[in-house]
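Remarks on the structure that follows.
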Amino acid sequence: MKFEINAFDGHTKARTGILTTDHGQIKTPIFMPVGTAGSVKGVNQRDLISDVKAQIILGNTYHLFLRPGIETLEMAGGLHKFINWNKPVLTDSGGYQVFSLADNRKLKEDGAHFRSHIDGSKHVFTPENVVDIQRIIGADIVMAFDECTPFPCDVDYARKSMELTHRWLKRGIKRFDETEPLYGHQQTYFPIVQGSVYKDLRIQSAETIASYDRDGYAIGGLSVGEPVEEMYAMIEVVNEILPENKPRYLMGVGTPVNILEGISRGIDMFDCVMPTRNGRNGMLFTKEGIINIKNVKWKNDFSPIEENGASFVDHKFSKAYLRHLIVSKEILGAQIASLHNLSFYLWLVTEARHKITEGTFASWKNEMIHKLAVRL
RNA sequence: GGGGAGAUACCAAAGUGGCCAACUGGGGCAGACUGUAAAUCUGCUGGCGCACGCCUUCGUAGGUUCGAAUCCUGCUCUCCCCA
């Protein structure tokens, strides 16, 4: 997998690049819609391509492993074929579920022992079998199996967890390098930096991760409840160490402002459930600020969802109609809101790329951050 | 015409002497959501100050009682059954 940097902003650490996979090129900085269980919730593949202009989507090892299960995925010929998506896919390893489903699991040296949230059945994820599963899924980018520490997290636990993640990384890389893709397209394996909000741990983790020569590197364990300043500080520390010529992926982030701040600190890839989940719950991100479409003030506002919005739904439907749909819990409301938000996110990173190329990213970013803070 | 049941906040529906400004659900209003166990969750929802408190509420008019949404009487209205 090849990564080529095209331009630096010059005033910040922002840069543009192209990541080339066997399923096509990804222009960075990029936002990757989350499609946990083989679907970007509420958005079909055609709209994802033609309207949202998604270049890559996520899948989740934990969820796909439980349902439909690896047997089905293998029979289908991998996730791409199963869901009929011929652009790149990145799969999270299940490390986040180790965090979010903490009540149902136990961490041991060998891996994470957990019970399915669906039927209570017992399973074990190890750094090795998580690679195997992601081979079967056929993700273009395979994520290391890590522990995403919670916040707050005391320094002793953060260190132990980080060290475990590092030992798991070594095992995961070994398994990955010993095995082959199943479907004829190339796959790559991204390690993940941990270390909670502790600068020394983050440095140590970034150095450890960077000591492996991989196609890209991820930063995990952030945006789990810590103040944003701490998150930004950790990104800065880590990005000083991660190789400049490789893509950097900030996992699970974030708000549009977080993304702009991340780009300006040298992050190339982002993913987050926010545009889809918050969209389903009535929150719209626009160029002029945030809209809670459920608020009564939109009840009789028949203006377009967003003037000059990036999605066709922005001009086709009114705020009043979308409000009605969301308030009435009509499925179409969730679909429209998800399309709108995803289109906005992809517009945001596309615009960021243009501004970086022009060398005007810094001022544009500050202007946008100002607008994005507004509650309409 | 005869017999029976009932009227509680926006709606539905608990409550049958003090623990009731009144359970609960819906609706309404607002908030949360960051590698998705989330089309989910939380709060508020008589008035005024909005913390403590005070004032006015359970069809309506009276009455009994230290005290009533709860007991008694009149009135109004609604529903059901029989003719």
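Below, chain A is the first sequence line, B the second, and so on; all start at residue 1. Note: hydrogens, waters and symmetry copies are ignored here, and every other heavy atom, side chains too, is used.
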If you find the nucleotide of RNA chain B closest to G282(A) and the one closest to A334(A), which residue's nucleotide is nearer the 5' end? G282(A)
What's V296(A) touching, base or sugar-phosphate or nothing? Going by heavy atoms closer than 4.0 Å. sugar-phosphate
Contact interval (first through last nucleotide) of RNA chain B with protein chain A, 4.0 Å heavy-atom: rG28(B) to rU40(B)
Just how far is it from atom CZ of F31(A) to atom CD of Q55(A), taken to the nearest 0.5 Å? 12.5 Å
Which donor-acceptor pairs under 3.5 Å do side chains of residues 369-376 of chain A form with protein atoms, sequence neighbours excluded?
none

Of all of residues 127-152 of chain A, which get a heavy atom below 4.0 angstrom from RNA chain B, listed by number? D146(A), C148(A)
Please give the distance between the P atoms of rU42(B) and rG26(B) as a whole number of Å. 11 Å
Using the C1' atom as the point on both nucleotides, what is the distance between rA14(B) and rC82(B), in whole Å? 32 Å
Taking atom C1' in both rU57(B) and rA5(B), compute the distance separating them and give it to the nearest angstrom. 25 Å
Determine the interplanar angle of the F65(A) and H123(A) rings, folded into 0 to 90°, and report it as parallel if under 30°, tilted if 30 to 60°, perpendicular if over 60°. perpendicular
Using a 4.0 Å heavy-atom cut-off across all strands, classify G221(A) as base, sugar-phosphate, or nothing. base
Atom C1', compared across rA22(B) and rG47(B): separation rounded to whole Å: 16 Å
Please give the nucleotide sitting opposite rA32(B) as a Watson-Crick or G-U wobble pair, both distances under 3.5 Å, or none. rU40(B)
Taking atom P in both rG18(B) and rC23(B), what distance in whole Å separates the two? 16 Å
Any-strand Watson-Crick or G-U partner of rC71(B), both distances under 3.5 Å: rG63(B)
Under 3.5 Å, sequence neighbours excluded: what are the donor-acceptor pairs made by side chains of residues 71-85 of chain A?
residue: H80(A); atom: NE2; partner: H23(A); partner atom: ND1; Å: 3.3
residue: H80(A); atom: NE2; partner: K87(A); partner atom: O; Å: 3.2
residue: H80(A); atom: NE2; partner: D140(A); partner atom: OD2; Å: 2.8
residue: W85(A); atom: NE1; partner: K87(A); partner atom: O; Å: 3.1
residue: W85(A); atom: NE1; partner: P88(A); partner atom: O; Å: 3.0

Taking a pair as Watson-Crick or G-U wobble with both distances under 3.5 Å, which nucleotide is matched to rG6(B)? rC77(B)
Residue met sooner reading RNA chain B from 5', once R323(A) and E330(A) are mapped to nucleotides: R323(A)
Do the side-chain N and O atoms of D271(A) and Y249(A) include a donor-acceptor pair separated by under 3.5 angstrom? yes
Residues in side chain to side chain contact (heavy atoms under 4.5 Å, CB included) with D301(A), at least two apart? W298(A), S303(A), K319(A)
Sequence neighbours excluded, which residues qualify as side chain to side chain contact (heavy atoms under 4.5 Å, CB included) partners of P243(A)? A210(A), Y217(A), N245(A), K246(A)
In the hydrophobic clustering that connects Ile, Leu, Val, Met, Phe, Trp and Tyr at side-chain heavy-atom distances below 4.5 Å, which members other than V124(A) occupy its cluster, ordered by chain and number? none
With salt bridge (charged side-chain N to carboxylate O under 4.0 Å, His left out) as the rule and sequence neighbours excluded, what pairs involving residues 7-21 of chain A come up? K13(A)-E240(A), R15(A)-D268(A)
Hydrophobic side-chain clustering at under 4.5 Å (ILVMFWY, transitive links): who's grouped with I203(A)? Put none if nobody. V237(A), I241(A)
Please work out if N281(A) contacts a base, only the sugar-phosphate, or nothing of the nucleic acid, heavy-atom cut-off 4.0 Å. base
Looking at every strand, decide which applies to Q194(A) at a 4.0 Å heavy-atom threshold: base, sugar-phosphate, or nothing. base
I'd like the C1' distance from rU73(B) over to rU64(B), given in whole Å. 11 Å
Touch class at under 4.0 angstrom, heavy-atom based, for N258(A) against every strand present: base
Mate of rC58(B) across any strand shown (Watson-Crick or G-U wobble, both atom pairs under 3.5 Å) is none
Residues pairing under salt bridge (charged side-chain N to carboxylate O under 4.0 Å, His left out) where one sits in residues 108-129 of chain A, two or more places apart or in two chains, turn out to be E109(A)-R167(A), E128(A)-R171(A)
Using the P atoms only, state how far rU70(B) lies from rG59(B), rounded to an integer number of Å. 8 Å
Touch class at under 4.0 angstrom, heavy-atom based, for I326(A) against every strand present: nothing
Sort out the partner of rC50(B) for me: Watson-Crick or G-U wobble, both distances under 3.5 Å, none otherwise. none
Gap in Å between the two P atoms, one belonging to rU45(B) and one to rA21(B), rounded: 15 Å
Under a 4.0 Å heavy-atom cut-off, which of residues 113-121 of chain A touch RNA chain B? H117(A)
Identify all side-chain donor-acceptor contacts of residues 328-338 of chain A below 3.5 Å with residues at least two apart in sequence or on another chain.
residue: S328(A); atom: OG; partner: H324(A); partner atom: O; Å: 2.6
residue: S328(A); atom: OG; partner: H324(A); partner atom: ND1; Å: 3.4
residue: S338(A); atom: OG; partner: A334(A); partner atom: O; Å: 2.7

Ion pair present between R159(A) and D156(A), side-chain N to carboxylate O less than 4.0 angstrom? yes
